[in-house]
Asks: 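Sharing a structure here in structure tokens format.
For the numbers below, each heavy atom of this structure counts, side chains included, while hydrogens, waters and symmetry mates do not.
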Amino acid sequence: MNAFVLDDPTPPDPRRRWDSLDFAARGACYDNNAGVPDSAAQVAARNAASATYRAAHPAGLDIPYAAGDRTAFDLYPAADARAPCLVFVHGGYWQRNARADFACFAEGLNAAGWSVAMPGYTLAPEASLTGIVAEIGAALDWLAAHGAARGIGGPIVLAGWSAGAQLAALHLGHPAVAAVLAISGVYDLAPLRETYLNEKLGLTDAEIETLSPLRLPVTPKPMTVAYGSRELPALVRDARNLHALRSAAHAPGALLPVPGADHFSILDGFRRPDGLLVRAAQDALGGAR
């Protein structure tokens, strides 16, 4: 009788030998720009497409939700104020990028009849991660209170990419949020403290314990956890581990591996009304009803 084949074909996670890695090798576990050969070209194309989309939809831009320079929304409301809304939180390891750089990813959901809201937030080191998390909560509070007056009054699916996925996952319990779509995220912060990323983040023990979704009790609302099949192994494992944690608690939500997608190209699933991430947002909301 032949033995069962049970080995996981995914490339091994280098964090399993963390103690043997030097500082540079630890940083490489999370360096998405270096991990995607054409990342610079993809980012440039994204930024150009976002500038075009933003210029074509100027009515709801730069609406403050708090007093900071970056604490503002770009709103792309649907024709129907009761339509669902995707709130998209950008990434950049909490220390780079801006909401304006991601405007093009409103295109597919807008075409599908959804509203889209993109909050900005203060970047590290000007804000701690605790402060950034609080800003996303304040943005959701503002949208719940004032969104209807701006043409956004439907149910909210909170999405985030990369660092934004961690921020989104932490706010699944917000009363305004029906479901979360977490894309290409980092869900345990502990290893980051031993990489170059911590130079601006300055993570504390308390932040690691209270702001790592993999270390927190499961919220029993729908969460879809998406990742690209060509992501760095550390991000693939974090995604699978978060879904496994939630599944063990019988919390609803799919694990969504996106074939052939890397850390940047995965967001192309928001560019068309039939895109994979557009359908994932629709499905997540269906599971919340």
Asks: Check for a donor-acceptor pair, side chain of Q166 on one end and backbone N or O of L211 on the other, with a separation under 3.5 Å.
Replies: yes

Asks: Can L216 be reached from L129 by stepping across I, L, V, M, F, W or Y side chains whose heavy atoms are under 4.5 Å apart?
Replies: yes

Asks: Would V87 end up clustered with Y65 when hydrophobic side chains under 4.5 Å apart are linked, directly or stepwise?
Replies: yes

Asks: Are any of the side-chain heavy atoms of L277 and L267 separated by less than 4.5 Å?
Replies: yes

Asks: For the ring pair F73 and W142, is the centre-to-centre distance below 6.0 Å?
Replies: yes

Asks: Answer yes if L192 and Y227 sit in the same cluster of Ile, Leu, Val, Met, Phe, Trp and Tyr residues linked by side chain heavy atoms under 4.5 Å apart, and no otherwise.
Replies: yes

Asks: Quick check: is L245 connected to I208 through a chain of hydrophobic side chains (ILVMFWY, heavy atoms under 4.5 Å apart)?
Replies: yes

Asks: Between the side chains of N110 and Y53, is a donor N or O closer than 3.5 angstrom to an acceptor N or O?
Replies: yes

Asks: Could you give me the CA-CA distance, side-chain angles and deciding distance for L235 and N32, then say whether side chain to side chain contact (heavy atoms under 4.5 Å, CB included) is met?
Replies: CA-CA 10 Å; L235 273 67; N32 293 299; 3.7 Å; yes

Asks: Whether the side chain of E194 engages the backbone of R26 through a donor-acceptor N/O pair (distance < 3.5 Å, no angle test) should be reported.
Replies: no

Asks: Distance-only, no hydrogens or angles: does the D238 side chain make a donor-acceptor pair with backbone N or O of Y187 under 3.5 Å?
Replies: yes

Asks: Taking atom CD1 of I136 and atom OG1 of T71, what is their separation to the nearest 0.5 Å?
Replies: 10.0 Å

Asks: Do S128 side-chain atoms and A124 backbone N/O form a donor-acceptor pair below 3.5 Å?
Replies: no

Asks: At what distance, to the nearest 0.5 angstrom, does CG of N97 lie from CG of L123?
Replies: 8.0 Å

Asks: L255 and A239: which non-hydrogen atoms are nearest, and at how many Å?
Replies: CD1-O, 3.9 Å

Asks: Please check if the side chain of H263 supplies one atom and the backbone of R230 the other of a donor-acceptor pair under 3.5 Å.
Replies: no

Asks: If you look at every heavy atom in G108 and V278, which pair is closest and at what distance?
Replies: C-CG2, 3.9 Å

Asks: Side-chain donor-acceptor pair under 3.5 Å between T130 and E207, yes or no?
Replies: yes

Asks: To the nearest 0.5 Å, how far apart are CG in L203 and CG in N198?
Replies: 4.5 Å

Asks: How about I152 and H146: do any of their side-chain heavy atoms sit closer than 4.5 Å?
Replies: no

Asks: Looking at every non-hydrogen atom in both residues, tell me the closest pair between S39 and F264 and how far apart they are.
Replies: CB-CE1, 3.6 Å

Asks: Take V180 and V157 through the side chain to side chain contact (heavy atoms under 4.5 Å, CB included) test and state the conclusion after the steps.
Replies: CA-CA 6 Å; V180 157; V157 174; over 6 Å; no

Asks: State whether the side chain of R193 and the backbone N or O of G202 hold a donor-acceptor pair below 3.5 Å, judged by distance alone.
Replies: no

Asks: Roughly how far, to the nearest 0.5 Å, is CG of L75 from CD1 of I63?
Replies: 4.0 Å

Asks: Could you tell me whether F105 and W161 have their ring centroids closer than 6.0 angstrom?
Replies: no

Asks: Using a cut-off of 6.0 Å, state whether more than 12 heavy atoms not belonging to D274 lie near its atom CG.
Replies: yes

Asks: Looking just at side-chain N and O atoms, do S50 and N47 make a donor-acceptor pair shorter than 3.5 Å?
Replies: no

Asks: With the side chain counted from C-beta on, respond yes when F88 and M118 share a heavy-atom pair under 4.5 Å apart, and no when they do not.
Replies: yes

Asks: Of all heavy-atom pairs between R237 and D13, which one has the smallest distance, and what is that distance?
Replies: CG-OD2, 3.4 Å

Asks: Can you label the angle between the F102 ring and the H90 ring as parallel, tilted or perpendicular, going by 30° and 60°?
Replies: parallel

Asks: Would a distance-only check, ignoring hydrogens and angles, find a side-chain to backbone donor-acceptor pair under 3.5 Å from T219 to L172?
Replies: no

Asks: Among the clusters formed by ILVMFWY side chains lying less than 4.5 Å apart, do V36 and I266 turn up in the same one?
Replies: yes

Asks: Please test R54 against D62 for salt bridge (charged side-chain N to carboxylate O under 4.0 Å, His left out), starting from the C-alpha separation and ending with a verdict.
Replies: CA-CA 11 Å; R54 202 167 183 264; D62 304 319; 2.8 Å; yes

Asks: Hey, could you give me the CG/SG distance between L143 and C85, rounded to the nearest 0.5 Å?
Replies: 5.5 Å

Asks: Rounded to the nearest 0.5 Å, what separation is found between the CG atom of L158 and the CG atom of L170?
Replies: 10.0 Å

Asks: Side-chain contact, heavy-atom cut-off 4.5 Å: I156 with P84?
Replies: no

Asks: Around atom CZ of R96, are there more than 12 heavy atoms of other residues, nucleotides or ligands at under 6.0 Å?
Replies: yes

Asks: Can you see which heavy atom on L140 is nearest to which on H174, and at what distance?
Replies: CB-NE2, 3.6 Å

Asks: Checking side-chain polar atoms at under 3.5 Å, does Q42 have a donor or acceptor matched by the opposite partner on S265?
Replies: no

Asks: Given 3.5 Å as the limit, does a donor-acceptor pair link the side chain of R246 with the main chain of N241, or not?
Replies: no

Asks: Do V133 and H171 have side-chain heavy atoms sitting under 4.5 Å apart?
Replies: yes

Asks: Parallel, tilted or perpendicular: which describes the rings of Y30 and Y93, with under 30° parallel and over 60° perpendicular?
Replies: perpendicular

Asks: State whether the side chain of D22 and the backbone N or O of A25 hold a donor-acceptor pair below 3.5 Å, judged by distance alone.
Replies: yes

Asks: Judged by atom type as modelled, is there a donor-acceptor pair below 3.5 Å linking the side chain of K221 to the main-chain atoms of A179?
Replies: no

Asks: Would one find more than 12 heavy atoms of other residues, nucleotides or ligands at under 6.0 Å from atom CZ of R272?
Replies: yes

Asks: Taking the side chain as everything from C-beta on, heavy atoms only, tell me whether L201 gets closer than 4.5 Å to W94.
Replies: yes

Asks: State, with a plain yes or no, whether a side-chain heavy atom of S212 is found less than 4.5 Å away from one of E209.
Replies: no

Asks: Of all the heavy-atom pairs spanning A234 and R15, show the shortest one and how long it is.
Replies: O-NH2, 3.1 Å

Asks: Charged N to carboxylate O under 4.0 angstrom, R99 versus D74?
Replies: yes

Asks: Indicate yes or no: at least one non-hydrogen side-chain atom of C104 is less than 4.5 angstrom from one of R46.
Replies: yes

